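Notes follow once the structure below has been shown.
Since the structure is predicted, the reported quantities are computational estimates derived from the model, not experimental observations.
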Amino acid sequence: MQKTEVSTVEIKRQIEDNSYKWYVLSVIAGQEELVMENLKERVKKQSLQDDVVDFMSPVVHEYAIKKGEKIIRTKKLYPGYVFIKSKMNDKIRYVIRNTPWVRLIVGAETRPIPLTEQEYLDIVKQIEKSQERSELVIPYRIGDVVMLKTGDFKWMKWVVKNIDPDKWTAVVNVEMLWRLTPVVIDVDKIELIS
């Protein structure tokens, strides 16, 4: 009898954590935003705002050119996962587990396991690196042969000499009066000749 009481107290201690930590929720892929909205609403209705303080489903915005137009695509870094910063107890666990599209709280069978501080910092670092890499995806490289889609020099072949991703421009050499002249042009006004 004494042993049963100890194991029950131990399990309760494992489930209850009054410090804020990041937990990972496995959710149905594509439903991350809905899960966060539902959780925020449920937390508010249950007056748990002091216990659940942050939600995260990291996305990166990629810029690219499609059919000559600059487009922005949103890419999820962790499809099928939502991160939640909260305390953990039976009530919070119940609210999370009974939210539509939540599969489980990542952890052991009887208790959620929070991210360590290092794991959280690694995720933040990965998000920052992914954002830097995706800031601009220009489909041209130095040396590519391109042509202008509009204007006086339309359909002329040019060679890309330099690319400035911050300004979304390329420097191309145009033949004028029997010599090559560098011209700065917007990337969305040229297309690759295959």
Side-chain angles (χ1 to χ4, degrees), residues 21-41 53-85 100-103 106 114-194:
K21 295 182 180 163
W22 282 99
Y23 293 89
V24 182
L25 311 181
S26 175
V27 303
I28 304 294
Q31 303 301 322
E32 297 87 357
E33 295 300 319
L34 283 173
V35 167
M36 288 194 305
E37 287 176 30
N38 282 335
L39 276 172
K40 287 175 186 175
E41 187 176 312
V53 293
D54 203 0
F55 299 89
M56 176 173 68
S57 178
V59 295
V60 174
H61 301 289
E62 293 182 337
Y63 300 89
I65 295 178
K66 188 172 185 175
K67 296 182 182 178
E69 298 294 320
K70 183 177 173 181
I71 60 167
I72 301 172
R73 287 183 274 183
T74 302
K75 176 183 168 190
K76 290 186 184 339
L77 288 181
Y78 299 99
Y81 292 96
V82 169
F83 299 86
I84 178 173
K85 187 174 186 178
W101 302 293
V102 173
R103 291 182 183 180
V106 176
L115 294 173
T116 64
E117 187 64 29
Q118 187 58 49
E119 288 171 329
Y120 174 73
L121 293 174
D122 290 346
I123 288 171
V124 169
K125 196 180 296 182
Q126 182 184 7
I127 293 167
E128 289 170 355
K129 282 183 181 178
S130 296
Q131 190 61 46
E132 288 171 12
R133 279 195 313 260
S134 71
E135 285 297 322
L136 196 55
V137 179
I138 295 180
Y140 311 115
R141 290 179 285 201
I142 295 172
D144 282 348
V145 178
V146 296
M147 67 178 168
L148 186 62
K149 295 189 290 186
T150 60
D152 294 337
F153 298 103
K154 185 177 180 180
W155 310 119
M156 288 183 66
K157 293 180 181 177
W158 300 347
V159 176
V160 176
K161 291 298 177 189
N162 198 358
I163 296 174
D164 186 346
D166 296 328
K167 294 181 182 173
W168 196 254
T169 60
V171 176
V172 294
N173 276 343
V174 178
E175 189 175 329
M176 293 179 155
L177 303 173
W178 302 281
R179 66 179 187 185
L180 292 177
T181 305
V183 175
V184 177
I185 191 146
D186 290 339
V187 173
D188 58 347
K189 292 190 173 140
I190 57 177
E191 66 183 46
L192 190 61
I193 298 174
S194 47

Taking [X] for the side chain and [Y] for the main chain, is one N or O donor matched with an acceptor at less than 3.5 Å?
| X | Y | answer |
| --- | --- | --- |
| Glu32 | Val27 | no |
| Asn38 | Val35 | no |
| Glu119 | Thr116 | yes |

If you take all heavy atoms of [X] and [Y], which pair is closest and at what distance?
| X | Y | result |
| --- | --- | --- |
| Val160 | Val172 | CA-CG1, 4.0 Å |
| Ile190 | Ala170 | CD1-CB, 4.3 Å |
| Val59 | Thr74 | CB-CG2, 3.8 Å |
| Gln31 | Leu34 | OE1-CD1, 2.9 Å |

Out of curiosity, [X] [atom1] to [Y] [atom2], how far, rounded to the nearest 0.5 Å?
| X | Y | atom1 | atom2 | result |
| --- | --- | --- | --- | --- |
| Lys85 | Leu115 | NZ | CG | 11.5 Å |
| Ile193 | Trp158 | CD1 | CH2 | 10.5 Å |
| Asp164 | Asn162 | CG | CG | 7.5 Å |
| Leu39 | Ile84 | CG | CD1 | 5.5 Å |
| Met147 | Lys157 | CE | NZ | 9.0 Å |
| Asp144 | Leu192 | CG | CG | 5.0 Å |

Student check: side-chain heavy atoms of [X] and [Y] closer than 4.5 Å:
| X | Y | result |
| --- | --- | --- |
| Leu77 | Val60 | yes |
| Asp122 | Gln126 | no |
| Pro58 | Tyr78 | yes |
| Met56 | Trp22 | yes |
| Met36 | Ser57 | yes |
| Leu180 | Val159 | no |
| Ile163 | Tyr140 | yes |

| message | Are Phe83 and Tyr120, when compared by the centres of their aromatic rings, separated by less than 6.0 Å? | response | no
| Crowding at CZ, Phe55 (>12 non-hydrogen neighbours, <6.0 Å) |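 Yes - once you tally the heavy atoms of other residues, nucleotides and ligands closer than 6.0 Å, there are more than 12.
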